[in-house]
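Just below is one structure, and these are the notes that go with it.
Below, read A as the first sequence line, B as the second, and so on, with proteins coming before strands; counting in each chain starts at 1. If you're wondering where the values come from, they're calculated on a predicted model, not measured in any experiment.
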There are 2 protein chains.
Amino acid sequence: MATVERLPVYLHALDRLRRAGIATISSAELAERSGVTSAKLRKDLSHLGSFGTRGVGYDVEFLHRSIADWLGVHEPLGVVIVGLGNLGHALATYRGFATGGFRVAGLIDVDPQVVGRSVSCGDTSLVVRPVDDLAEIAEYAQIGVIATPGSAAQDTCDRLVASGIKHILSFAPRFLSVPPGVEVRAIDVGVELQILAFRQRQSAVSPASTTSRPRHAAPVTGAVSA
Amino acid sequence: MATVERLPVYLHALDRLRRAGIATISSAELAERSGVTSAKLRKDLSHLGSFGTRGVGYDVEFLHRSIADWLGVHEPLGVVIVGLGNLGHALATYRGFATGGFRVAGLIDVDPQVVGRSVSCGDTSLVVRPVDDLAEIAEYAQIGVIATPGSAAQDTCDRLVASGIKHILSFAPRFLSVPPGVEVRAIDVGVELQILAFRQRQSAVSPASTTSRPRHAAPVTGAVSA
DNA sequence: GAGGTTTGTATCACCCGTTCACAAACGCCT
DNA sequence: AGGCGTTTGTGAACGGGTGATACAAACCTC
């Protein structure tokens, strides 16, 4: 469902509104802050229930809690990060884990130089452990994050799957083949840049294309997904 | 066009095939290595010409060059990276820039502690410069990358746009509003994780869902965008 | 209670992307 | 030279998502 891919965006916007002390918001305004149309927003929300009050709008706190509950944010999911290079470090120290309903269950790296080091994850701090500990850590993790070089990505993926992980987020520039029942979401910075580059070169050749194709004139937000 | 979003994936797979010394490949095999179906691959390629020979397949070298030319990889585009935290560092040292047709034109940060530091980008090395130098650097850059905290994202985005940058890749967990004619691709790790988390919880509740919905049983690859 | 506002929903057409099926073209083998 | 198996390239059907529209129901204010 395409709606599921947008709900986290709404949730994030609501979170900021909540912090800003705004108690009520209309579908039109929330939609604008999320990069969608108001009709789409209301249709998305209608799929999971009825949360607003007509004539007023949505209670920010209530809607936030409702979406969070529906997404299941209430009890955190364990995340194991494999590969503690620059990217892995950035992910480990990412503050969005706690607020988004996640908990870093473990850090893994192959490099003996890196294993044993302590990395601060949010409020706590974790020690990087060797690859052999993956199966053990995976007991407490439901999601695996691959931040290794591309050459190690498939192997890492196989190990994660063998450890029972069924949901993987990969940053490696490779297509990962997994058995049925396992879901992989891939974020490839190189691919994203090349898409942008193509658009850039296209608009450089025909700058008037934005007017000839009005549907692309509006800001486009690419999700990683799709 | 959705085809454009997949061409870089094909290009990458072809690049690895080329390095592996494989001279010819069929659409079926290349499709499998790219995570798509053969029909989709062939249709994608048909949009930009006819490259294969029937009964044989595609010449890896020729197809690689053709797609690269079509995407315009031949002359590198300048990329300016704003925000040199862990993520910014990871991006700056990313080796995919050179091979993907990019060139790091500059590094920007607000923190005086970070400004002036030298960061190795591929074969060369660059000095981090203050935000005020953005306009100057943007002369040589066509793409801007936002790797700042979310709180600084919109401001950074505005500065990039003011400097003439029209294509932006953002990693900040925020929806960025830009004027018409400017394209933003947003990669939000938190959103990706929440989508995965939802799927995880769903499959945990009804593990048989993979059989009841066979179209999701196969590995799914999410692009950041869509 | 009247009026204005906003949600929630139903319906419809449309467009894009995917999938299917098949003819055309090629190499190979005899 | 000609048939045969293989693979490309593509026209056509299919389906999901989107956007537009419309409108009734519900709420607040006055």
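- Protein atom CG of B/D59 is 15 Å distant from nucleotide atom C1' of C/dG27, rounded to whole Å.
- For A/R42, counting side-chain heavy atoms from C-beta on, the closest listed nucleotide (C/dG17, D/dG9, C/dT9) is C/dT9.
- OP1 or OP2 of C/dT18 has at least one side-chain nitrogen or oxygen of B/R6 nearer than 4.0 Å.
- The side chain of B/R54 places no N or O atom within less than 4.0 Å of a non-bridging phosphate oxygen (OP1 or OP2) of C/dC22.
- Between A/T53 and C/dT7 there is no side-chain N or O to OP1 or OP2 distance below 4.0 Å.
- The NZ-P distance, from B/K40 to D/dT8, rounds to 17 Å in whole Å.
- A salt bridge between A/K40 and A/D44 is absent, with no side-chain N of the basic residue lying under 4.0 Å from a carboxylate O of the acidic one.
- By the 30° and 60° cut-offs, the orientation of the rings of A/W70 relative to B/F198 is parallel.
- Spacing between atom CG of B/L41 and atom C1' of C/dG17 amounts to 15 Å, rounded to whole angstrom units.
- D/dT8 atom P lies 10 Å from atom CG of B/L45, rounded to whole Å.
- Atom CD1 in A/I25 sits roughly 19 Å away from atom P in C/dT5 (whole-Å rounding).
- Taking atom NE2 of B/H47 as the reference point, atom C1' of D/dT10 lies 9 Å away to the nearest angstrom.
- Summarising the geometry, the separation between CG on A/L30 and P on C/dG8 is reported as 12 Å, rounded to the nearest angstrom.
- Atom OG1 of residue B/T156 and atom CD1 of residue B/I108 lie 10.0 Å apart, to the nearest 0.5 angstrom.
- Residue-to-nucleotide proximity on DNA chain D shows that, of A/T3 and B/S46, the 5′-proximal contact is made by B/S46.
- Rounded to an integer number of Å, the gap from B/D44 CG to C/dG17 P is 10 Å.
- At a threshold of 4.0 angstrom between heavy atoms, the contacts of A/A39 with the nucleic acid are absent.
- Between C/dT19 and B/K43, no contact under 4.0 Å exists linking OP1 or OP2 to a side-chain N or O.
- Atom-to-atom distance recorded for B/L17:CG and B/E29:CD is 7.5 Å, nearest 0.5 angstrom.
- Within 4.0 Å (heavy atoms only), B/T37 reaches sugar-phosphate atoms of the nucleic acid but no base atom.
- In this model, the phosphate group of D/dG9 is approached by a side-chain N or O of B/S50 to a distance below 4.0 Å at OP1 or OP2.
- Proximity of B/S27 to the phosphate of D/dT7: no side-chain N or O atom is located under 4.0 Å from OP1 or OP2.
- For the OP1/OP2 pair of C/dG8 and a distance below 4.0 Å, the side-chain nitrogens and oxygens of A/Y58 include at least one atom meeting the criterion.
- No more than 12 heavy atoms of other residues, nucleotides or ligands lie within 6.0 Å of CD in A/E32, so this atom counts as exposed by the packing criterion.
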